[in-house]
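Only a predicted model underlies this, so the values are computations on that prediction, with no experimental measurement involved.
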Amino acid sequence: VKDLPAAVPAVGSATNNGSGGGATINLRGLGTNRTLVLINGRRVVPFNLEGVVDTNTIPLALVERVDTVTGGASAVYGADAVAGVVNFILKNNFEGVELNTSYGFSGEDDAVRRKFDLTVGGNFAEDRGNAVVSFGYTKTDPLYQVRRPWGEVALSSTTGNPLGSGTSVPGRFDLTPVNGGVALPSGAELDPTTGVLIGSDHPNYNSAGYNYNPYNLYQTPLSRYQINGLGSFRINSAAEVYTHLTYVQSDVSLDNASSGTFGNTYKVPIGNPFIPEPMRQQLCAARGIPAASCVAGAGGSTIIPLTINRRFTEMGSRPVDYENKTLQLLAGIRGDIGASWNYDIYASHGETEQLVTRRDWGSLSKLRNALNTVSSSECISPGSSTPVAGCVPINVFGAEGSITQAMIDYINLASINKTTIEQDVVSGSISGVLPDQLSS
């Protein structure tokens with residue numbers, strides 16, 4: 001499929017940041033939700049709410065050929081086939097035992113891929129029936145970008161120079177001046193040695209930003225188990241019953257660079273004790289705050305809308321685990337009607353379940369609490385002087401290491417999202433050749 005001129009890169013094992021935990025097909029660049037994936041011409045239950053099929057559910061050991069239509073398919077299948085249709089045709093009447101195994105790795109002896117498929121099938125009832133069962137197992141090891149010389153540092157696609165994220169450490173800050181206040185330096189990055197906000201023209205300014213490459217993946221790890229069962233029995237020329245059972249469990253793990261404030265604007269008291277004194281004076285000059293109020297720990301401090309770009313490297317990376325389960329059962333009947341007509345009627349029920357676990361991403365609401373403080377021991381509820389129970393104020397105004405484990409423990413929060421999709425399809429078709437007097 002990847003060799004087709006109409007196919008553009010889609011999410012797969014080489015996609016880390018931006019993956020939804022599946023492997024998809026994108027024809028003509030119109031989006032994966034506009035490419036319809038079928039098995040034997042029949043719909044497959046999608047794995048997400050956009051109606052996209054995870055091709056990890058395709059039983060590769062049973063695939064005989066792949067038919068692709070890239071134009072006009074929407075007239076038959078609807079809007080989800082605007083880009084085209086990819087139809088995986090499975091083997092019919094398989095007999096015997098087939099074992100396929102593969103083990104591959106890169107030239108650097110890493111990025112290992114293992115695959116195992118066992119298919120058993122045969123005919124019965126004087127060849128009127130056929131049954132086949134296929135078991136598959138796939139395991140892929142992760143490959144981090146830092147394992148390759150060209151992936152150690154994020155580079156600009158135009159200049160080739162190091163160019164990372166603006167959410168860095170030490171942090172960058174922005175505050176809109178008011179009442180003729182003094183604007184902050186361009187890019188306003190904190191110099192931890194002096195406590196001053198410096199601009200991009202300063203020799204100590206980190207123009208490359210934060211290097212996120214070492215924590216991202218070239219190849220995402222996959223663990224997949226598959227079982228497929230197909231059966232058919234021909235009663236007579238007018239009726240053949242058939243069935244197809246699919247169960248797939250695929251687990252995909254992603255990784256991302258450390259979490260951070262990511263350019264959000266936070267309400268921060270000018271009396272926050274973690275703000276370095278030289279930086280505090282710059283913030284007060286920008287907002288026209290009088291000297292009497294521009295002190296650490298000042299009660300009733302003026303609240304400023306401070307845009308913060310600080311990376312929480314102290315938290316480590318941000319793993320994301322996708323656990324996908326797919327179950328589909330299909331049964332149908334087909335046969336001939338006379339010499340030149342035939343019919344095909346089937347019903348299918350499919351279910352997918354995706355469990356997404358994000359770890360070490362942090363909580364935005366807790367971060368807001370932790371920044372709203374005029375002391376190093378307690379946080380203040382917005383709009384009141386009531387302390388927030390259990391809140392630990394956070395220091396985003398220092399070099400790496402200024403955020404302690406206690407601060408991390410307060411703002412950190414894992415999330416678990418579960419999506420369940422059910423799809424029921426009943427379809428029937430009749431095809432044949434019209435008599436000459438009608439077709440003319």
Side-chain angles (χ1 to χ4, degrees), residues 164-177 181-200 202 204-207 209-210 257-287 289 291 293-315 362-380 382 388 391-412:
S165 170
T167 301
S168 58
V169 55
R172 296 178 181 179
F173 303 86
D174 187 50
L175 180 64
T176 303
V182 180
L184 298 180
S186 174
E189 182 177 276
L190 177 65
D191 185 348
T193 59
T194 62
V196 175
L197 291 174
I198 59 177
S200 56
H202 194 280
N204 292 341
Y205 191 85
N206 178 21
S207 58
Y210 173 75
S258 304
S259 188
T261 56
F262 296 118
N264 288 307
T265 300
Y266 303 86
K267 295 180 179 179
V268 180
I270 197 64
N272 187 309
F274 294 118
I275 301 175
E277 198 57 37
M279 176 181 172
R280 191 190 324 275
Q281 297 304 317
Q282 290 176 287
L283 298 177
C284 289
R287 302 294 288 189
I289 300 173
S293 301
C294 192
V295 294
S301 288
T302 302
I303 303 294
I304 58 174
L306 188 62
T307 301
I308 305 175
N309 277 291
R310 208 298 193 164
R311 184 76 59 164
F312 301 152
T313 54
E314 297 87 349
M315 289 178 64
S363 165
L364 181 59
S365 60
K366 287 190 171 185
L367 178 59
R368 286 171 173 159
N369 289 340
L371 287 168
N372 189 19
T373 181
V374 292
S375 78
S376 59
S377 58
E378 64 180 18
C379 317
I380 305 301
V388 178
C391 179
V392 179
I394 190 169
N395 181 9
V396 298
F397 305 100
E400 186 173 42
S402 65
I403 300 178
T404 66
Q405 188 61 48
M407 297 173 183
I408 293 172
D409 291 342
Y410 174 70
I411 67 167
N412 200 3

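To the nearest 0.5 angstrom, Ile198 atom CD1 is 12.5 Å from Leu184 atom CG. Atom-to-atom distance recorded for Arg368:CZ and Cys391:SG is 13.5 Å, nearest 0.5 angstrom. For the atom pair Ser259 OG and Ile408 CD1, the distance stands at 11.0 Å (nearest 0.5 Å).
Within the 4.5 Å cutoff, the side chain of Asn369 has no heavy atoms near those of the Ile411 side chain. Contact of the Arg287 side chain with the Thr302 side chain is not registered, since no non-hydrogen atoms from C-beta on lie closer than 4.5 Å. Taking 4.5 Å as the limit, some side-chain heavy atom of Pro192 sits within range of a side-chain heavy atom of Pro170. Here the side chains of Arg310 and Ser402 are in contact, with some heavy-atom distance below 4.5 Å. Between Leu175 and Ile304 there is a side-chain heavy-atom pair separated by less than 4.5 Å. Using a 4.5 Å heavy-atom cutoff, the side chains of Gln282 and Val182 are not in contact. The shortest side-chain heavy-atom distance between Tyr410 and Gln405 does not fall under the 4.5 Å cut-off. A heavy-atom distance below 4.5 Å is found between the side chains of Met279 and Leu190.
When every heavy atom of Ser301 is checked against every heavy atom of Val374, the shortest pair comes out as OG-CG1, 3.7 Å. A pairwise comparison of heavy atoms in Ser168 and Gly209 identifies CB-C, 4.4 Å as the closest pair. Heavy-atom minimum distance, Pro177 versus Ala183: CG-CA, 3.6 Å. In plain terms, the two heavy atoms of Asp191 and Asn204 that are nearest each other are OD2-ND2, 3.2 Å. Taking all atoms of both residues into account, the shortest heavy-atom contact from Ser258 to Phe262 is O-CZ, 4.0 Å. Between Val169 and Glu400 the shortest heavy-atom distance is CG2-N, 3.6 Å.
Listed by chain and number, the residues in a side-chain hydrogen bond (donor to acceptor under 3.5 Å, both in side chains) with Ser293 amount to none (sequence neighbours excluded). Scanning for side-chain hydrogen bond (donor to acceptor under 3.5 Å, both in side chains) contacts around Asn309 gives Thr167, with sequence neighbours left out. Take Arg280 and apply the side-chain hydrogen bond (donor to acceptor under 3.5 Å, both in side chains) test, not counting sequence neighbours, and it matches Glu277. With sequence neighbours left out, the salt bridge (Lys or Arg N to Asp or Glu O under 4.0 Å) criterion links Arg311 to no other residue. Partners of Thr404 under the side-chain hydrogen bond (donor to acceptor under 3.5 Å, both in side chains) rule, at least two apart in sequence or in another chain, do not exist in this structure.
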(request) For the pair Leu306 and Leu283, evaluate side chain to side chain contact (heavy atoms under 4.5 Å, CB included) and give the outcome as yes or no after the intermediate values. (result) CA-CA 9 Å; Leu306 188 62; Leu283 298 177; 4.1 Å; yes
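For the pair Asn372 (side chain) and Ile380 (backbone), a donor-acceptor distance under 3.5 Å is present. Judged by distance alone, the side chain of Glu189 and the main-chain N or O of Tyr205 form no donor-acceptor pair under 3.5 Å.
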Table please: side-chain donor-acceptor pairs of residues 265-275 below 3.5 Å, with sequence neighbours left out.
{"residue": "Thr265", "atom": "OG1", "partner": "Thr307", "partner atom": "OG1", "Å": "2.9"}
{"residue": "Tyr266", "atom": "OH", "partner": "Thr261", "partner atom": "O", "Å": "3.0"}
{"residue": "Asn272", "atom": "OD1", "partner": "Phe274", "partner atom": "N", "Å": "2.9"}
{"residue": "Asn272", "atom": "ND2", "partner": "Leu371", "partner atom": "O", "Å": "3.1"}

